[in-house]
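What follows is a set of notes on a single structure, which appears directly below.
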Amino acid sequence: MKKYDPKKIEGRWQKKWQSEKTFVTKDSGAKEKYILVEFPYPSGAGLHMGHMRPYMAGDISAKYWRLKGYNTMYPIGWDAFGLPAENYAIKNKVHPEVSTKKNIANAKRQLASWGTGFDWSREINTTDPDYYKWTQKIFLEFLKAGLAYEATGLINWCPKDKTGLANEEVIDGKCERCGSEVEKKELRQWYLKITDYAEKLLEGLKDLPEWPEAVKLQQANWIGKSEGAEIDFYLNFKKDPKVNENRGPDGKAAHIPVFTTRPDTIFGATYLVLSPEHLWVTLATDDKHDVLENKEEVKKYIENVKGKSDIERTALGKEKTGVELKGVKAINPATGEEIPMFIADYVLAGYGTGAIMAVPAHDERDYDFAKKFDLPIRQVVAEHFVDINTPPREGKRHAPRVVVQGIVRNTKNNTVLQIVWKKFPWKTFVIGGAEDGESLEDAVKREVFEETGYKNFSSIRKIGSEMRSEWYAEHKDENRYAHMHVYELILENDEHEEISGKEKEKHEIAWVPFDSISTSFKPVSEMPAILAGLNKKEAGVFAESGILINSGKFSEKNSEEVKKDIVEFVGGKIVTKYKLRDWVFSRQRYWGEPIPVIHCDKCGIVPVPEKDLPVKLPKVKNYEPTGTGESPLAAIEKWVNVKCPSCEQKKKETKYLVFDFDGVLGDTWEAHLHARVNMGDSPDLKDAVAKAEKYFETKPWHSRGEKYDESIHIDWSTRFAKELAKLEYDLFTDFLKEIGKIKNAKVAIVSAGSKIYSEAPIKKAKFKHTHFLGMEDHHSKEEKLEMIAEAWKVDVTELYYFTDTKADVYELENLLNRKKIIGCAWGYAGEEKLKQVLPENQILKKFKDIHKVFEPGKAKRETNTMPQWAGSSWYWLRYTDPKNKKEFADQKKQKYWTPVDLYFGGMEHTTLHLLYSRFWNLFLHDRGLVTAKEPYMKRVPHGIILGPDGEKMSKSRGNVVNPDDIIALYGADTVRVYMAFLGPHGAQVAWNDKGIIGARRFLERVFAMKEFISKNEDKNVTTLLHKTIKKVGEDVEAFSFNTAISSMMIFVNTVFESKKITKKSFEIFLIILSAFAPHLSEEIWKELGHKKTIFTEKWPTFDPKLLVSDTVKMVVQINGKVRAEIEVGASAEEKEIVEKALSEPKIGEYLEGKEIRKTIVVKGKIVNFVV
RNA sequence: GGGCGAGUGGCGGAAUUGGUAUACGCGCCAGUCUUAGGAACUGGUCCCGUAAGGGUUAAGGGUUCGAGUCCCUUCUCGCCCACCA
């Protein structure tokens, strides 16, 4: 007999599946399944045993569904951008592309060596420009939709490596690579506005019934929706009361909105806390404001906080720190009280409004802070108890009472005083009512004395906080509503007096051990709270809902029920907040998708035109981060400096120019003077002034405001203008020439001066223009510009507007495109004044400068790259159409394949990859680019495989198991079977070589089973085969691979016992085994005479009739204990079963002399006699 | 601190979902074969007890005719989040 030798057969079948395209899928077929597994990162170390688990689970599932007759796609690719490749490049000076290629080849070999049935024709790679072209394209979609934006933000910064770190590279506040403490640094970043999709992402979870609850819950928690209220707290400025007067007409200018989920506790808000980064604080501490008495102290605290790392700031059990904002008070809108304001780093700037109302009595953090800063703590919610033994009755008198309870302790023998009531079944502490005007402490002391006679106490303290307790008091026929106060009194000495006869009639006293209070006192509904209070040194914090107290008209109401009313009462509004933050979408790294954006100093952010995609990563010599936090790409000038596509486009377009020069065609002295001086055709200022003065010596100067009649004015201005224009025109001839040189220009003139005197000289200069709007057109400047734009049929923001006055800029900046307002420095205002309103590159100093306006701007590429999550956020779409050059995936193909039916992956991706890709998909779906609303119908998480030492497999721990070695030793089929057998797919298991021999033995037995082929087989073999078909099918669908293997083992063991199996049965068994051990199954299949691959076969159906036997074994129990076993017909009636059970001799023995009180029959399972 | 999950032989684990606890495999013990070792095969293997029988699913309590499974309390471990108002 041939021996089972996997080495001889496995490679051969792997090649054959490749060459015959056994697992390549077409985009058509009646029934389809899309089975996906998270694609791997091809690391230099290769795939370890732990990585293989999801691929195997996917492979078994894919093979199963294929056999079930589904057109099953099981694709694979490479998530190959990322830090390890870049770090490797830095160390070894090897281009990441080179090492990545090598690593992919290795990983591919590894995956194939397991006998996986991936469809390699659909292989993708995120670093392939043909792939990341579409990643970039999707980014541009986000940009277009306004969901991608730039902002400066605090990022994680490693001071040693001088580089920004992604969140996932920060482990416990330390750099993953060098272990140094991570700092915060402000850097320009790209963000994706995932927060816009918070609600949709949360809602979408409802459409995913087949996702594990744990995964959905984690996502929901991550999104962190909470309903609360935003309430304004108005301020009262003490240091500078004038500020209060400067409030708006309604007196409501200075206020701070706070966010709270407990508006019901507002009456207990005794101070306000702002985060150190709060905008109000920033303003209050700047140079322009002077409202704080301790500005320097506050500034110092802010500085201090800024320098702190996250671990310092959030260190476990860290003492609260903060500083009061002196000189200003807030007004509690519920009580009208003035309360102090603080800044403290326990309030986060990024959540809610960055400010809180502090309620120390009902919030642990506020309590800690209040204790430290000695701030008032006011209880406003009382815990509520209703006695379940004697609950309040309807229609009875409501009798509120202030009630005190005294717990009198003798610490010498550790006992506590108990009141034993004579007329009622009560054992209580000292209990009684407080009288009018009496303090609570006095009341409790008095009650103790009256009821017990004891009078000397070494200490007395309040236990817990005030409570509300309700019960029906039968002896008074009323519903008691107690304002309950509990005190602990430590007895100083035994001295006591006789109690009155009246009291004696009611009760007697007893000393009971302190440790037994929980059982020896009855009935006290508030006992749990008392016990908890006794154990604590302080009153503590009650953070739940209850009955409101000290809350004005809301007192004695249920805090939950009046929440909304209180919000309304203080003029707040109900709001929803999310913990989800926008996604920091840039990395200062080389090995990632370049963000396809160009920064132009004229146009700002310009998306790279689609035709220019992909923006390919350039080759560089150095991959080291620059140290400034910029990507290494920033150093590649050739790549970074580009023509601005927007400016290039504009070159070809018609330019719409409007000139508005007071200095040229206007009528002011200054204009003239400036013009001369600035133009530089006078040798010096003195000369220019002298010339001008001389010129105007004999002429009146109308702008001095003398009165004149209109005819004189016209006459005067005509003469004035003629002269002036003549003079100035000489000076501006050159400028007009320059304007003439501009290609594709349409020109208009708006003049503050008169058409009468200006038009003629312009005509004379043969200056071509379409409009000339002087002061005869009685329109405002805005209107004039709008008229011109309308005539040119362009938007008014298309106009370039040239002016020489500051006022025009002010007037028109909201109408026009700011970037197209150009100042001319030789005119009225001059360079210095123009600089106050325009950036320097929008000011012309010389005529010739006008061409700079139309020159393309200086443009640089964005040098940040995308994070590793980018490529994986949409890869599942690309598999449906991996070669498409026109779009990322054809919609027909998407519709055929998507959504993904089964998605295998790790739990660690729940809140990152899984949420990110849902976000991308929802967005693309909204843009009409994707057909499926949710990408993954069923998520199948796996438990991680630990190393043999029970620790997570990692190179540094040295416990990595290399699958190559194990395969070489036992063969791929054995490893597959063993991995499946290890444990349930969802559970974490430790890899242990010890048991693998069992899997090998099992396969060897299957191999040897050929010897048992015969014409017939035992009936139990046939029956078991059908049971096994059913079981394995069910188990694969439930991912219980371990029990599937075990049931196949049982089948093989059974065949070995009878040593007979028909060829047909053996073949059926091979088909179900083939999903787990593909090579072996194929090999035997071939040896049995089959020409075609086993994977074109159909999964066998089981015969349900065979599964039901005629008789069933049942267990007979007496009082739940098994006493006998009986065999009855499958359809036996209850009566028959009971009779049979009673006839069992053993049962008879047990039942002798006993009476059967009850008989329970569960058909096919048990009979139970209760005696 | 919060959320989620788990705890069953020497080990990995099973239990038709409330109905014979410990399937299947590893390991171990005994035997067969063999010069020997290994492999293979046969039998045994939760604990106490010679046996009859009794006990046992982290510990304790509860519901039930019946609990590994449901409920409560406590302990231990794992994962995720963590000053989120």
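Keep in mind that this is a model prediction, so the values were computed, not measured. Protein chains get the first letters and strands the later ones, always in sequence-line order, with residue 1 at the start of each.
With sequence neighbours excluded, the residues satisfying salt bridge (Lys or Arg N to Asp or Glu O under 4.0 Å) with A/E560 are A/K563. Not a single ring pair (Phe, Tyr, Trp, His ring centres under 6.0 Å) links A/Y301 to another residue, sequence neighbours left out. Residues that satisfy the ring pair (Phe, Tyr, Trp, His ring centres under 6.0 Å) test with A/F259, not counting sequence neighbours, are A/Y351. Residues passing the salt bridge (Lys or Arg N to Asp or Glu O under 4.0 Å) test with A/K1060 are A/D1018, sequence neighbours excluded. Contacts of A/E230 classified as side chain to side chain contact (heavy atoms under 4.5 Å, CB included), with partners at least two apart in sequence or in another chain: A/P257, A/T353, A/K573, A/V575, A/K577. Looking at residues two or more places apart in sequence or on another chain, you find a side chain to side chain contact (heavy atoms under 4.5 Å, CB included) between A/E227 and A/K225, A/I574, A/T576. Qualifying side chain to side chain contact (heavy atoms under 4.5 Å, CB included) partners for A/M1049, counting only residues two or more places apart in sequence or in other chains: A/F981, A/F1002, A/I1045. With sequence neighbours excluded, the residues satisfying salt bridge (Lys or Arg N to Asp or Glu O under 4.0 Å) with A/D363 are A/R365.
Nucleic acid contact for A/K994: sugar-phosphate only, since backbone atoms but no base atoms lie under 4.0 Å from a heavy atom of the residue. Contact annotation for A/K577: no contact, since no heavy-atom pair falls under 4.0 Å across all strands. Using a 4.0 Å heavy-atom cutoff across all strands shown, A/I1045 reaches no nucleic acid atom at all. Residue-level contact check: A/D366 touches neither bases nor backbone, having no heavy atom under 4.0 Å from any strand. At the heavy-atom level, A/R581 lies nowhere under 4.0 Å from the strands shown.
Contact check, A/R1001 against B/G27: a side-chain N or O comes under 4.0 Å of OP1 or OP2. Contact between the side-chain N/O atoms of A/R1123 and the OP1/OP2 oxygens of B/G54 is found at a separation under 4.0 Å. At B/G25, one or more side-chain N or O atoms of A/N1053 fall inside 4.0 Å of OP1 or OP2 (strictly under the cut-off). Distances shorter than 4.0 Å separate none of the side-chain N or O atoms of A/Y978 from OP1 or OP2 on B/G25. A/N1042 has no side-chain polar atom (N or O) that falls below the 4.0 Å cut-off from OP1 or OP2 of B/G25. Contact annotation: A/S226 side-chain N/O to B/A85 OP1/OP2 distance is under 4.0 Å.
For residues 1029-1039 of chain A, every residue pair satisfying the side-chain hydrogen bond (donor to acceptor under 3.5 Å, both in side chains) rule, not counting sequence neighbours, is listed here: A/Y64-A/E1037, A/K1030-A/E1034, A/K1031-A/D1035, A/D1035-A/T1043.
Partner assigned to B/U69 is none, using Watson-Crick or G-U wobble distances below 3.5 angstrom. Pairing for B/G12 is with B/C24, a Watson-Crick or G-U wobble pair whose two hydrogen-bonding atom distances lie under 3.5 Å. The partner of B/A39, taking Watson-Crick or G-U wobble pairs whose two distances both stay under 3.5 Å, does not exist in any strand shown. The partner of B/G18, taking Watson-Crick or G-U wobble pairs whose two distances both stay under 3.5 Å, does not exist in any strand shown.
Comparing B/U42 with B/C48, their C1' atoms sit 29 Å apart, to the nearest whole Å.
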Between the protein and nucleotides 71-81 of chain B, list the N/O to N/O atom pairs that are separated by less than 3.5 angstrom.
none

Is there any protein nitrogen or oxygen under 3.5 Å from a nitrogen or oxygen in nucleotides 15-22 of chain B, and what are the pairs?
from: B/G19; atom 1: N2; to: A/Q1117; atom 2: OE1; distance (Å): 3.4
from: B/U20; atom 1: N3; to: A/E1125; atom 2: OE2; distance (Å): 3.2

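Residues from residues 264-276 of chain A that place a heavy atom under 4.0 Å from any atom of RNA chain B: there are none.
Side chain of A/D345 to backbone of A/V305: no donor-acceptor contact under 3.5 angstrom is found.
Side-chain contact between A/P984 and A/F1039 is absent, with no heavy-atom pair separated by less than 4.5 Å.
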